[in-house]
Every structure is written in structure tokens, then in C-alpha cells.
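Have a look at the structure below, then the notes.
Worth knowing before you read on, the calculation uses all heavy atoms, side chains too, and leaves out hydrogens, waters and symmetry mates. Residue numbers run from 1 in the order of the sequence given.
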Amino acid sequence: MKPKAINPKETTRLEAFELWMSAPNPMVTFFKQINVTNLVRISKKYKLRFNMLLCWCIGKAASEVKEFYLLPVQGKLYRYDKLAVNTIVRNKNGEVSSCDVPFSKKLLDFNKDYMRLTKQVADSCMNYDLPEYMVIGTSAIVNTEIDGAVGMNSGIFNNPFLIWGRYQSHFGRNMLKISFQFHHTQMDGAHAGKFLELLQKNIDNIGKKQRKVEQ
């Protein structure tokens, strides 16, 4: 189903829409350090890509915050019924291309789509876009450790966006610093904080079913 333009008066975002839709800089960025020790363990044990696991946890957390299904675009507010997580892919020419991966609540289904689509984008050097999905942008700068990054306020790409670098190991724990940028019309700081807490919760819980089976 295509995203639908809705009347902000019919949502809880009317005041934010009136305050921030035409603001010169409506983007807000949060910085947070998250514990990814469990993701590293799952990645190594089941031979799954760390970036894929983190993208799935991002999609899972976003699916639990209703504000993620709304997006301000060119002066209007749109409601979506599907989410996708974007990842940046190094293509066969050594450049980067963009790939939208549809979010699925089933991790293995998401992994299949992630592996298939990122390979397709890498081989074709063509972006893969899902315009009917509310896309959460991500960028992994894995060749260095970063303290955070502020995304570009273009006025065109208003989607929420996460950036991270290489995780750091400290006394048996793997910690990752991330930045989360969002449009203030879409959500408030409380919603963003809830999303980041859910992200950590989903990271900690991933793989629990497998451990119960093994026990």
C-alpha cells in the first residue's frame, strides 16, 4: 500500500507539525553508547553479519514506536504501513550504493533479504529503493572508531538516520557509539529515547530462543 498523506489534526503530531515543519533546521541528533556484546557473540556463533543483526534490531525497535510510521515530506505528513532499513553497500567498482531492506519480524527472513539485496546492489552498482516503505537510514563507518556524527539537513531526506563506526572492546564488553538523527515533526525526544532503549533491549534479547533450545 502506498503511503497516505494525512491531516496532522488527526494525529498526535499537530503541534509539532506547526512548530517544526517549516523550521530552518528541524533535525535533532542524539548520541548514545550501546552494548553490542550479545550481537558480536551471535554474529560469531551463527556466522551472521554483525551489520545485518544491528539493522534488524533497529527495524524491530522502530516497529514498536508508532511515530516511526509517520514521515514529513515536502510540507505534508504521510503515514506508512511498512518499514525498511537502509544500508550502504560497497559495490564491485569500489564505490558505495544504497540498499533498502524490508523489515521482517522474523530475523532469518530479514537475513535472506539482506544478503540477497546487498549482493544484488553490489553486483549491479544500482541503488535498490523501496518508496512505499518508511525507510530508516543507516551508515556504518567500520574502518574507524567515532564518537558520533551529525547528518546532513537537506530538507529533502527527512527520514530517521543512524550512524556508527567500529565497536570498541573494554573488559569483555563490546561497546558501540551511535548517533540517531530524526525530524522533530515526526517525533519528540521522548519517542527517540524510547526507541534507543528498545534498541538496546532487542540487542540484549536477540538469540535467547536459541539459547533456551540449547539448554
May I ask you to test the Ile163-Ile146 pair for a side-chain heavy-atom distance under 4.5 Å? yes
So Lys82 and Leu130, do their side chains get closer than 4.5 Å, heavy atoms only? no
I need the minimum non-hydrogen distance between Tyr69 and Ala62, along with the two atoms involved. CE1-O, 4.3 Å
With a cut-off of 6.0 Å (strictly less than), are more than 12 heavy atoms of other residues, nucleotides or ligands near CD of Glu15? no
Taking all atoms of both residues into account, what is the closest heavy-atom pair of Ser179 and Ala149, and its distance? OG-O, 2.8 Å
Hey, any chance Leu107 and Ile58 share a hydrophobic cluster, counting ILVMFWY side chains that come within less than 4.5 Å of each other, even indirectly? yes
Residue pairs passing the side chain to side chain donor-acceptor pair (under 3.5 Å) test where at least one lies in residues 96-109, sequence neighbours excluded: Asn86-Ser98, Asn86-Asp100, Asn91-Ser97
Strictly distance-based, threshold 3.5 Å: is any side-chain N or O of Asn7 a donor or acceptor partner for the main-chain N or O of Lys9? yes
On the 0 to 90° scale, with breaks at 30° and 60°, tag the Phe161-Phe157 ring pair as parallel, tilted or perpendicular. perpendicular
Quick one: do Leu162 and Leu71 end up in the same hydrophobic cluster if we chain Ile, Leu, Val, Met, Phe, Trp and Tyr together by side-chain heavy atoms under 4.5 Å apart? yes
Let me confirm one number: the CG-NZ distance from Leu199 to Lys60, rounded to the nearest 0.5 Å. 11.5 Å
Heavy-atom side-chain proximity of Met187 to Phe68 below 4.5 angstrom: yes
In terms of hydrophobic clusters joined by side-chain contacts under 4.5 Å, are Leu54 and Leu83 together? yes
Nearest 0.5 Å, what's the CE-CG distance between Met21 and Asn158? 5.5 Å
Hey, is CE on Met126 packed in by over 12 heavy atoms from elsewhere, all under 6.0 Å? no
Can you measure from CG (Leu70) to OH (Tyr78) and round to the nearest 0.5 angstrom? 13.0 Å
For residues 160-178, pull every pair meeting side chain to side chain donor-acceptor pair (under 3.5 Å), keeping only residues two or more places apart or in separate chains. Asp147-Lys177, Gln168-His170, Ser169-Asn174
Any Leu39 side-chain heavy atom under 4.5 Å of Cys57 side chain: yes
Min side-chain heavy-atom separation Val101-Cys55 under 4.5 Å: no
For the pair Asp113 and Arg116, find out whether any cationic side-chain nitrogen is under 4.0 Å from an anionic carboxylate oxygen. yes
Under a single-linkage definition using a 4.5 Å side-chain heavy-atom cutoff for Ile, Leu, Val, Met, Phe, Trp and Tyr, are Leu117 and Val85 assigned to the same hydrophobic cluster? no
Could you give the distance from OG1 (Thr87) to CD1 (Ile136), rounded to the nearest 0.5 Å? 12.5 Å
For side chain to side chain contact (heavy atoms under 4.5 Å, CB included), just list the numbers for Thr11 and Phe17, CA-CA rounded to whole Å, side-chain angles, deciding distance to a tenth of an Å, and then say yes or no. CA-CA 10 Å; Thr11 74; Phe17 184 89; over 6 Å; no
Would you say Asn111 and Tyr46 make side-chain contact, with heavy atoms under 4.5 Å? no
Distance-minimising heavy-atom pair for Tyr80 and Pro131: CE2-O, 4.0 Å
Considering only heavy atoms from C-beta outward, does the side chain of Ile178 approach that of Leu196 to under 4.5 Å? yes
Where do Ala84 and Pro102 come nearest, in terms of heavy atoms and distance? CB-CA, 4.0 Å
Under 4.5 Å between side-chain heavy atoms, hopping through other hydrophobics if needed: is there a path connecting Ile42 to Met115? yes
Separation between CD (Glu95) and CD1 (Ile88), nearest 0.5 Å, reads 12.5 Å
Quick one: does any side-chain atom of Arg13 pair with a main-chain N or O of Thr185 as donor and acceptor, under 3.5 Å? yes
Can you tell me how far apart CG (Leu53) and CD1 (Ile203) are? Round to the nearest 0.5 Å. 9.5 Å
Can you check whether Gln186 reaches Met134 side chain to side chain, under 4.5 Å on heavy atoms? yes
So that I can tick it off, tell me whether Lys201 and Glu197 are bridged by a salt bridge, with the cut-off set at under 4.0 angstrom between side-chain N and carboxylate O. no
On the 0 to 90° scale, with breaks at 30° and 60°, tag the Phe182-His184 ring pair as parallel, tilted or perpendicular. perpendicular
Which heavy atom of Pro8 sits nearest to which heavy atom of Leu14, and what is that distance? O-CB, 3.6 Å
Give the C-alpha distance, both sets of side-chain angles, the deciding distance and a yes or no for side chain to side chain contact (heavy atoms under 4.5 Å, CB included) between Phe180 and Val28. CA-CA 8 Å; Phe180 172 47; Val28 181; over 6 Å; no
Which heavy-atom pair separates Asn51 from Ala140 by the least distance, and what is that distance? OD1-CB, 3.6 Å
Return yes if some donor-acceptor pair links the side-chain N/O of Ser43 with the main-chain N/O of Leu48 below 3.5 Å, else return no. yes
